[in-house]
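Structure, as structure tokens:
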Amino acid sequence: MCASTHYVGREMDTHYEQGKPWKKVLGPVFIYLNSASSNEDSDVRKTLWKDAKRQLSEEIASWPYNFTQSKDFPSAEGRGNVTGELIVRDRYMKQDHGHTMHAHSAFVGLAPPGAAGSWQTDTKGYQFWTQTDKHGRFEINHVQPGDYILYAWVPGFIGDYKLDLNITIQPGKEIDLGALIYDPPRNGPTLWEIGIPDRTAAEFFIPDPYPTRMNRICKDPEDRYRQYGLWDCYSDIYPDSDLVYNVGTSNYSQDWFFAHVLRRGENNTREPTTWQIRFNLENVNRRGMYTLQLALASAASSDVQVRFNDAFSRRPHFSTHLIGWDNAIARHGIHGLYKLYSIFVPGFRLRNGENTIFLTQSRNLGAFSGVMYDYIRLEGPAV
Ligand SMILES: *[C@@H]1O[C@H](CO)[C@@H](O)[C@H](O)[C@H]1NC(C)=O
Ligand SMILES: *[C@@H]1O[C@H](CO)[C@@H](O)[C@H](O)[C@H]1NC(C)=O
Ligand SMILES: *[C@@H]1O[C@H](CO)[C@@H](O)[C@H](O)[C@H]1NC(C)=O
């Protein structure tokens with residue numbers, strides 16, 4: 001679907017407005033039909049697959065091609081380049097070399113001007129992305145002339161980077177942006193964390209598929225989540241009471257279900273669920289401000305409510321309100337749109353000894369209401 005959506009839904013829809021002319025080239029489109037001898041039956045699919053991948057890398061190397069005639073799709077000489085280097089700075093990071101490090105394998109891209117992270121839902125403009133090398137260096141080549149903003153996100157760190165600079169790409173010109181510094185959201189030292197900040201839920205517990213629904217093509221461990229119906233296993237594992245995660249003894253790859261979904265009740269009803277994170281604190285600073293960094297990898301018609309040490313407070317201490325139209329849970333994906341909430345927790349809501357954070361997904365708008373967490377971190381007051 002080139003200019004509409006199925007997977008992420010209305011947040012990514014392309015909106016056409018009166019008096020706002022708009023155009024975009026979608027293509028060129030290449031269709032490759034290959035063939036292989038069928039006398040070695042067992043290997044024929046592998047041969048086709050390998051050959052298709054070889055052809056793919058050939059096409060990638062040939063892009064943007066030189067046969068197109070449209071002035072809206074310039075060849076390589078009609079495009080520009082951007083280079084630079086991305087550095088992450090985090091004063092609570094334990095590093096040998098102070099508090100900075102090269103942004104390794106960071107995603108760096110040029111996209112239409114907007115707020116940080118707006119590239120996630122932009123479908124009208126052109127976007128050009130690459131990944132940094134281990135020194136944080138990046139090179140974005142063959143960028144179509146136009147006005148852009150440079151955005152980035154770094155696996156291992158939360159949040160979105162945006163460079164406050166309007167970048168105008170001109171044919172045949174290179175722009176060197178030099179060293180750029182990303183300060184990820186951070187209010188204090190890490191008290192504990194769950195998961196890896198990488199915008200997916202792949203590191204959490206993913207159950208074995210129901211044998212009758214097993215797709216044998218997705219047998220590799222990194223494809224575990226690509227099986228139909230996994231969300232429903234939540235009700236099998238937690239038939240009566242919900243997930244409880246104990247910081248310090250639980251292991252997120254075994255004890256944190258990959259999706260926070262509804263529980264199957266009697267007669268095909270579905271019920272909202274409340275997960276608990278239990279943790280111990282000492283020397284709580286009752287006047288200090290703590291921060292819960294809550295990063296979501298996906299959301300589908302959900303409202304995540306957060307309560308600190310009070311499961312029954314009528315009003316939640318924090319609510320995302322109704323969010324998300326991703327279909328990642330239903331469509332065996334592992335992420336949709338990324339959302340980050342930095343939630344302030346006044347010290348008086350915490351206590352010395354055992355504490356509990358209650359996470360309630362309170363909406364039931366069909367079987368697939370739910371969220372996937374990316375990463376959760378509790379930060380102490382700034383020191
Ligand atoms: C970038 O361009 C926009 C729109 O023209 C303008 O509002 C903004 O101030 C510019 N930003 C910078 C950093 O020059
Ligand atoms: C957590 O579980 C994973 C998967 O079973 C295992 O590889 C890892 O070693 C465990 N981590 C700890 C700290 O026990
Ligand atoms: C489920 O359906 C049965 C038969 O109609 C009914 O007796 C029972 O009360 C229902 N259970 C619930 C929880 O609604």
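- For Asp133, the salt bridge (charged side-chain N to carboxylate O under 4.0 Å, His left out) partners at least two apart in sequence or on another chain are Arg137.
- One finds the OG1 atom of Thr274 at 11.5 Å from the CG atom of Leu243 (value rounded to the nearest 0.5 Å).
- Counting only N and O atoms by type, the side chains of Tyr210 and Asp236 include a donor and acceptor under 3.5 Å apart.
- Under a 4.5 Å side-chain heavy-atom criterion applied to ILVMFWY residues, the cluster that includes Tyr16 comprises Trp22 as well.
- Judged purely by distance below 3.5 Å, without hydrogens or angles, the side chains of Thr83 and Glu139 never pair a donor atom with an acceptor atom.
- When all heavy atoms are compared, the tightest approach of Ile149 to Lys162 is CG2-CG, 3.7 Å.
- Between the side chains of Ser253 and Asn251, a donor-acceptor pair is found at a separation under 3.5 Å.
- Across Phe157 and Pro184, no two heavy atoms sit closer than the pair CD2-CG, 3.8 Å.
- Just one residue in the list Tyr238, Trp256, Tyr245 forms a ring pair (Phe, Tyr, Trp, His ring centres under 6.0 Å) with Trp275, and that residue is Trp256.
- With sequence neighbours excluded, the residues satisfying salt bridge (charged side-chain N to carboxylate O under 4.0 Å, His left out) with Asp72 are Lys23.
- Grouping the Ile, Leu, Val, Met, Phe, Trp and Tyr side chains by contacts below 4.5 angstrom, directly or via other members, places Trp325 apart from Met12.
- In the hydrophobic clustering, Ile158 connects to Tyr338, Leu340, Tyr375, either directly or through intervening members, whenever side-chain heavy atoms lie under 4.5 Å apart.
- There is a side-chain donor-acceptor pair under 3.5 Å between Asp303 and Ser319.
- If you check the side chains of Tyr65 and Glu59, you find a donor sitting under 3.5 Å from an acceptor.
- By the side chain to side chain contact (heavy atoms under 4.5 Å, CB included) test, Arg314 pairs with no residue at all, sequence neighbours left out.
- Applying the ring pair (Phe, Tyr, Trp, His ring centres under 6.0 Å) test to pairs two or more places apart or on separate chains, those with a residue in residues 291-321 are Phe308-His317, Phe318-Tyr341.
- Closest heavy-atom contact between Thr273 and Val261: OG1-O, 2.8 Å.
- With sequence neighbours left out, the side-chain hydrogen bond (donor to acceptor under 3.5 Å, both in side chains) criterion links Lys71 to no other residue.
- Distance CD1/Ile175 to CD1/Ile167: 6.0 Å, rounded to 0.5 Å.
- Looking at residues two or more places apart in sequence or on another chain, you find a salt bridge (charged side-chain N to carboxylate O under 4.0 Å, His left out) between Asp51 and Arg54.
- Closest non-hydrogen pair, Tyr148 versus Pro113, comes out as CA-CD, 4.4 Å.
- Checking Asp326 against Ser298 by side-chain atom types alone, a donor-acceptor pair falls below 3.5 Å.
- Side-chain contact check for Ile376 versus Ile277: some heavy-atom pair is nearer than 4.5 Å.
- Annotation: side-chain hydrogen bond (donor to acceptor under 3.5 Å, both in side chains) contacts of His15 (sequence neighbours excluded): none.
- Side-chain contact annotation: Tyr373 with His260, donor-acceptor N/O pair under 3.5 Å present.
- Taking the salt bridge (charged side-chain N to carboxylate O under 4.0 Å, His left out) definition, one finds that Glu17 meets it with Lys20, sequence neighbours left out.
- Among residues two or more places apart in sequence or in another chain, the side-chain hydrogen bond (donor to acceptor under 3.5 Å, both in side chains) test is passed with Asp183 by Arg89.
- Residues Glu203 and Ile196 come closest through the heavy atom pair OE2-N, 2.7 Å.
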List the steps, then state whether salt bridge (charged side-chain N to carboxylate O under 4.0 Å, His left out) holds for Glu222 with Arg224. CA-CA 6 Å; Glu222 66 270 23; Arg224 281 185 69 81; over 6 Å; no
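- For the side-chain hydrogen bond (donor to acceptor under 3.5 Å, both in side chains) test, residues two or more places apart in sequence or in another chain that qualify with Asp90 are Arg186.
- Taking a cutoff of 4.0 Å between a charged side-chain nitrogen and a carboxylate oxygen, Asp223 and Arg226 qualify as a salt bridge.
- Residue Glu85 comes nearest to Phe138 through the heavy atom pair N-CE2, 3.4 Å, listed as atom of the first residue, atom of the second, then distance.
- You'll find the ring centres of Phe204 and Phe258 outside the 6.0 Å limit.
- Not less than 6.0 angstrom separates the ring centroid of Phe107 from the ring centroid of Trp129.
- Using modelled atom types, one finds a donor on one side chain and an acceptor on the other under 3.5 Å when comparing Thr123 with Thr14.
- Hydrophobic cluster membership differs between Met289 and Ile357, with clusters built from Ile, Leu, Val, Met, Phe, Trp and Tyr side chains linked at under 4.5 angstrom.
- Interatomic distance, Ile329 CD1 to Trp231 CH2, rounded to the nearest 0.5 Å: 9.5 Å.
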